[in-house]
Amino acid sequence: MTKSAPTIARGFKLEDPFAEREAGKYERPIPSRELILEVMKEQGIPLRVEDVAGVLGVQEDEDVESLRRRLNAMERDGQILRNRRNYYCIVNHKDLIVGRVIGHPDGFGFLRPDEGGDDLFLSPKEMRSLMHDDRIVVCIRGVDRRGRREAGVVEVLERNTHNIVGRLYLEQGISFVVPDNKHIAHDVLIPEEHRNGALPGQIVVAEIIEQPTRQRDPIGRIREVLGDHMAPGMEIEVAIRSFDLPSEWPEAVLNDVAGLSTEVAEDDKAGRVDLRRLPLVTIDGEDARDFDDAVYCERTPKGWKLYVAIADVSHYVRPGTALDDEAKIRGNSVYFPDRVIPMLPEVLSNGLCSLNPEQDRLCMVCEIYINTDGAIVRSRFYSGLMYSHARLTYTEVARMIVDGDKILRKKYRALVPHLEELHSLYKVLRRAREARGAMDFDTQESYIVFGEGKKIAQIVPRERNDAHRLIEECMITANIAAARYLTRQKLPHVVRIHEGPTAERLADLRAFLGKVGLNLGGGDNPGPKDYFEVLDNITGRADEHLIQTVLLRSLAQAVYSPEKKGHFGLGLDAYTHFTSPIRRYPDLLVHRAIRHSLEKKKIEEFYYSHNDMVLMGEHCSYTERRADEATRDVVAWLKCEYMLDKLGEEFEGVISAVTPFGFFVELKDIFVEGLVHVSTLDKDYFHYDPIGYRLEGQRSGVTYRLGDSVRVIVARVDLDERKIDLELVKRSESSSRRTRKKRRRS
């Protein structure tokens with residue numbers, strides 16, 4: 001007796017709430033993802049493509065094929081799963097978790113869930129068939145010996161590693177590429193017929209022709225030889241390929257921008273608020289090439305009116321174009337030392353969408369009324385036409401409004417009164433920021449100065465002054481206004497989420513603060529003000545930097561999402577990114593939502609749904625992390641290269657991180673970090689204290705703690721591993737902590 005197939009209900013009421021949106025996207029619209037998910041939930045059983053088409057009333061072969069492609073896309077995005085019989089089913093998020101793989105050099109890995117929350121552990125056995133950045137579905141298998149939730153792979157949704165850059169090796173007749181990206185623990189096997197003339201020792205790009213399995217490593221073929229190991233500029237070429245950064249413009253994108261001029265077309269100026277007589281100015285760093293934002297403010301009877309004019313990228317980059325597709329793939333511009341990989345082609349990023357001085361430019365304006373307490377009273381948005389009256393630098397502005405530089409004040413005498421009003425407004429905004437408990441960590445940034453042959457001449461600190469902070473507060477204020485505006489309009493949009501500490505991190509933080517005589521208020525749910533009070537109480541302490549570092553590490557990484565979870569660090573319930581659409585795709589999405597509202601269109605007609613924003617948020621968070629990792633990798637390479645001729649030299653430094661295997665030291669004045677391995681320390685057994693961020697000698701009682709000053713010698717530099725090994729010379733007397741163990745009298 002054969003078992004009958006489950007019944008497919010066909011009486012479902014089919015009203016697609018996003019039909020207008022789909023019709024705006026496609027000539028032959030098909031059911032939206034939302035309707036497909038609703039239908040599948042209603043049916044309650046796995047469905048074939050034909051079943052879904054039947055329930056939805058999709059009949060034409062062309063439409064069925066489009067539906068198939070949409071189902072495949074939904075599978076890649078983790079919304080549905082396809083079983084071995086090619087039936088689609090809903091992902092039950094209670095039992096199955098979708099996320100992205102984060103590989104570790106030691107062979108294990110983690111899954112970062114799309115839904116947020118703690119990462120899940122992937123054992124070396126599970127990682128054998130996976131590669132960094134793959135998107136997978138897992139189930140919880142249990143808890144490992146260290147208390148971590150351990151995941152088992154259910155399905156690989158999307159392979160995201162297709163090319164590997166690394167050094168080619170030949171050992172016992174077998175060729176293989178060791179990936180430069182340390183997230184990838186697999187070597188890539190290269191059959192002899194696929195070496196394509198590459199020589200051992202060269203840096204190459206290998207295309208993956210067979211993904212890894214539980215039984216063997218991935219197999220590839222040499223696609224490109226980048227050159228020798230130490231060639232100038234090699235570090236960026238390696239990073240571009242290691243992190244799969246799009247750096248070439250597809251022909252379709254070049255066609256999209258081919259007709260653009262360097263000047264704003266007269267027709268494009270029509271219907272906009274003309275602000276060209278308003279003395280808007282840009283204030284950026286000396287080395288800036290693209291200018292997103294211009295500012296101006298004036299006094300009102302009850303405070304100030306602030307204008308924040310942002311380049312109107314959404315006018316030029318329209319959804320569904322090749323230009324937009326490429327910008328979405330890139331997600332953001334990537335800023336390497338001495339080179340930028342832009343999100344948009346140069347004709348836009350440095351031309352039409354850059355608020356260059358003394359040129360007409362299209363802009364999206366946020367006009368904000370702020371009272372004397374620094375609170376936003378009201379705001380409005382509109383499409384504008386502006387003319388930048390000056391391209392100013394942070395240094396120039398600080399010298400004019402803080403130092404009173406007479407020469408510069410004379411040069412910009414027409415602008416000085418407006419800059420002073422901006423500075424007055426900044427002071428008020430700063431006080432309001434502190435009143436709500438927004439944190440301001442005093443971190444030290446540095447930048448690389450190049451000499452001849454693109455060799456590092458020096459590494460110098462980047463100084464922050466009131467002009468930096470002034471612009472930062474203006475941008476934060478505009479971002480707050482944008483978040484509030486879109487919340488009122490009820491349009492789908494991404495916000496910037498920064499969550500507070502988890503229960504585990506909070507417990508560790510309280511334990512640490514207790515050891516240094518401090519207390520964090522707020523009970524089980526501390527707020528930004530509680531953190532701010534700790535920061536306020538440690539000003540001037542010798543261990544101020546140490547405590548700041550521990551506080552910062554207790555917080556989550558900021559991400560993009562449509563979920564309204566607030567921004568802990570800024571002490572805000574709603575915050576988004578509006579001010580940099582040239583270089584950040586989330587800002588462009590926000591501009592599009594504002595434009596849609598200004599054009600008085602229906603919410604249902606908006607190009608994006610809430611689900612689209614979920615996926616966009618996850619993607620943009622990923623591209624942001626990718627850019628950060630690639631930049632760090634290049635800087636680490638350059639710093640290693642810089643230290644190659646300093647072997648044997650001694651430096652003063654500060655312990656910047658402590659681990660069970662040793663501690664990292666940042667060298668004073670040159671901002672380079674290296675590792676003092678525990679095996680090179682005094683003849684003693686050292687125990688790691690994760691709460692106190694220190695190593696303590698079992699016999700001697702000598703401790704090495706985060707923030708301690710030490711003197712070290714450069715022992716080894718490994719450019720391949722981006723590692724600098726240091727050895728301790730002696731500890732500075734001021735930071736030496738010796739504790740005598742109490743001995744029992746016999």
Side-chain angles (χ1 to χ4, degrees), residues 374 394-395 398 401-403 423 426-446 460-470 472-473 476 498 500-501 505-506 508-522 526-555 568-571 651-658 663-671 673 689 691-695 703-712 731-739:
Y394 296 122
T395 304
I401 63 176
V402 178
D403 302 332
H423 194 228
Y426 152 70
K427 292 176 183 177
V428 170
L429 291 173
R430 183 77 181 182
R431 287 197 295 270
R433 175 194 183 110
E434 293 173 357
R436 70 172 185 265
M439 287 168 273
D440 188 10
F441 291 101
D442 187 20
T443 56
Q444 179 64 70
E445 295 182 5
S446 62
V460 296
R462 193 179 294 278
E463 300 293 339
R464 272 174 57 84
N465 55 43
D466 267 12
H468 289 87
R469 300 182 187 99
L470 181 158
E472 181 180 279
E473 289 301 325
I476 288 173
H498 184 224
R505 288 184 178 182
L506 183 58
D508 290 345
L509 175 61
R510 290 193 187 282
F512 167 78
L513 291 176
K515 290 186 177 183
V516 294
L518 294 168
N519 178 58
L520 177 69
K529 285 188 177 181
D530 300 304
Y531 270 68
F532 182 81
E533 286 180 11
V534 175
L535 288 168
D536 196 40
N537 290 333
I538 64 175
T539 302
R541 283 180 52 150
D543 56 359
E544 179 180 359
H545 179 71
L546 160 66
I547 297 167
Q548 276 197 20
T549 301
V550 176
L551 286 168
L552 184 60
R553 290 177 180 175
S554 72
L555 301 175
F568 188 89
L570 291 175
F651 294 91
E652 293 286 344
V654 175
I655 296 178
S656 56
V658 183
F663 53 84
F664 289 89
V665 176
E666 184 179 274
L667 305 184
K668 187 179 179 182
D669 297 330
I670 61 173
F671 308 99
E673 196 174 62
D689 174 9
I691 304 300
Y693 293 87
R694 64 183 182 176
L695 289 172
T703 64
Y704 299 97
R705 191 175 74 152
L706 186 72
D708 282 355
S709 296
V710 291
R711 188 165 182 83
V712 294
R731 305 187 69 208
S732 299
E733 293 299 323
S734 61
S735 65
S736 180
R737 297 184 180 87
R738 293 180 177 272
T739 57

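Numbers for residues simply follow the sequence, beginning at 1.
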Distance check, rounded to the nearest 0.5 Å: [X] atom [atom1] versus [Y] atom [atom2]?
X: R553; Y: L509; atom1: CZ; atom2: CG; value: 12.5 Å
X: L552; Y: I547; atom1: CG; atom2: CD1; value: 13.5 Å
X: L513; Y: I691; atom1: CG; atom2: CD1; value: 11.0 Å
X: Y693; Y: I655; atom1: OH; atom2: CD1; value: 14.5 Å
X: S554; Y: L506; atom1: OG; atom2: CG; value: 7.5 Å
X: N537; Y: F532; atom1: CG; atom2: CZ; value: 10.0 Å

Min side-chain heavy-atom separation [X]-[Y] under 4.5 Å:
X: D536; Y: E434; answer: no
X: L695; Y: V658; answer: yes
X: V654; Y: L706; answer: no
X: L518; Y: I538; answer: yes
X: L555; Y: P501; answer: yes
X: V710; Y: E652; answer: no
X: L470; Y: N465; answer: no

*Considering only NZ, NE, NH1 and NH2 on the basic side and carboxylate oxygens on the acidic side, decide whether D466 and R469 come within less than 4.0 Å.*
yes

*Taking 4.0 angstrom as the limit, do E473 and K427 come out as a salt bridge?*
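Salt bridge absent between E473 and K427.
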
Does [X] have any ring pair (Phe, Tyr, Trp, His ring centres under 6.0 Å) partners at least two apart in sequence or in another chain, and if so, which?
X: F651; answer: none
X: F671; answer: none
X: Y394; answer: H468
X: F568; answer: Y531

*asked:* Hydrogens and angles aside, do E673 and S656 bring a side-chain donor and acceptor to less than 3.5 Å of each other?
replied: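 Yes - a donor-acceptor pair under 3.5 Å links their side chains.
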
*asked:* Applying salt bridge (charged side-chain N to carboxylate O under 4.0 Å, His left out), can you list everything that pairs with D689, at least two apart in sequence or on another chain?
replied: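 Counting only residues at least two positions away or on another chain, D689 forms a salt bridge (charged side-chain N to carboxylate O under 4.0 Å, His left out) with K515, R694.
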
*asked:* Suppose we screen for salt bridge (charged side-chain N to carboxylate O under 4.0 Å, His left out). Which residues come up paired with E463, at least two apart in sequence or across chains?
replied: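 Applying salt bridge (charged side-chain N to carboxylate O under 4.0 Å, His left out) to E463 gives none.
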
Is it the case that the side chain of [X] and the backbone of [Y] share a donor-acceptor pair, with hydrogens and angles ignored and the cut-off at 3.5 Å?
X: R433; Y: M439; result: yes
X: R436; Y: L570; result: yes
X: D530; Y: P526; result: no
X: R510; Y: N519; result: no

*Is the Y704 ring parallel, tilted or perpendicular to the F663 ring (thresholds 30°, 60°)?*
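Answer is parallel, since the angle falls under 30°.
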
*Can you name the nearest heavy-atom pair linking G374 to A432, along with the distance?*
O-CB, 3.9 Å

